[in-house]
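Any value given below was found using the heavy atoms of this structure, including those in side chains, with hydrogens, waters and symmetry copies removed. Predicted, not measured: the structure shown is a model, and the values here were computed from it.
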Amino acid sequence: MPWCPNCKAEFVDGIKECNDCEILLVDKLEEEPSNKTQDEYINDKEAFLITVGNAIEAGLIESKLAQAGIPVLKKFDNMGGYIGGFSSLDYQIFVPFKLLKLAKEILRQDDEDTNK
């Protein structure tokens with residue numbers, strides 16, 4: 001699987017350029033040396049937040065989290081089928097581990113507001 005050397009997103013085979021960073025993908029990410037403690041390392045890792053079924057929904061979530069200062073990493077899951085001539089991709093959304101609780105709260109609050 002190809003990877004973006006900048007944002008570290010993983011892509012499906014056949015993709016050549018990162019959509020967000022607009023740079024060529026690589027086959028393998030270089031390991032970065034770390035002098036961090038285990039707790040610092042865990043807090044800097046990305047944590048899985050949610051899987052959504054399309055780019056529009058992923059963009060809406062990314063926008064809501066950006067308003068709270070939470071960066072988002074989108075990873076593309078398996079290729080889905082073709083619907084009306086368009087292929088469907090699942091987007092896995094990750095946030096920094098230390099901001100996971102806040103991100104979940106933002107999405108939960110947004111869901112409650114939508115269902116009122």
>> To the nearest 0.5 Å, what is the distance between CD on E10 and CD on Q92?
In response: 8.5 Å
>> Quick check for you: to the nearest 0.5 Å, what is the distance between I15 atom CD1 and E17 atom CD?
In response: 10.5 Å
> Closest approach of P71 and L99, non-hydrogen atoms and distance?
Replying inline: CD-CD1, 4.1 Å
>> Go through it in stages, so that I can follow the logic: the residues are C18 and L25, the test is side chain to side chain contact (heavy atoms under 4.5 Å, CB included), and I'd like the CA-CA distance, side-chain angles, deciding distance and then a yes or no.
In response: CA-CA 6 Å; C18 177; L25 303 178; 3.8 Å; yes
Mind checking what makes side-chain contact (heavy atoms from CB on, under 4.5 Å) contact with [X], not counting sequence neighbours?
| X | result |
| --- | --- |
| L107 | L49, I50, I61 |
| A68 | I70, I106 |
| D27 | none |
| A9 | C7, F11, L73 |

Could you check if a side-chain atom of [X] sits within less than 4.5 angstrom of a side-chain atom of [Y], using non-hydrogen atoms only?
| X | Y | value |
| --- | --- | --- |
| P2 | D13 | yes |
| D90 | V52 | no |
| I23 | C4 | yes |
| K8 | L29 | yes |

> For I56, which fellow cluster members are found when Ile, Leu, Val, Met, Phe, Trp and Tyr are connected by side-chain heavy-atom distances below 4.5 angstrom, either directly or through intermediates?
Replying inline: L60
> With a cutoff of under 4.5 Å between side-chain heavy atoms, which Ile, Leu, Val, Met, Phe, Trp and Tyr residues group with L24?
Replying inline: none
>> Under the salt bridge (Lys or Arg N to Asp or Glu O under 4.0 Å) definition, can you give me all pairs with a residue in residues 62-72, not counting sequence neighbours?
In response: E62-K74, K64-D110
> F97, F48: one ILVMFWY side-chain cluster at the under-4.5 Å cut-off?
Replying inline: no
>> Restricting to salt bridge (Lys or Arg N to Asp or Glu O under 4.0 Å), what partner residues turn up for E105, sequence neighbours left out?
In response: R108
> Residues two or more places apart in sequence or in another chain: which of them pass side chain to side chain donor-acceptor pair (under 3.5 Å) with N19?
Replying inline: none
>> A cation-pi test, strictly: NZ or CZ of K75 under 6.0 Å from the centre of the six-membered ring of F94 and no more than 45 degrees from its axis. Yes or no?
In response: yes
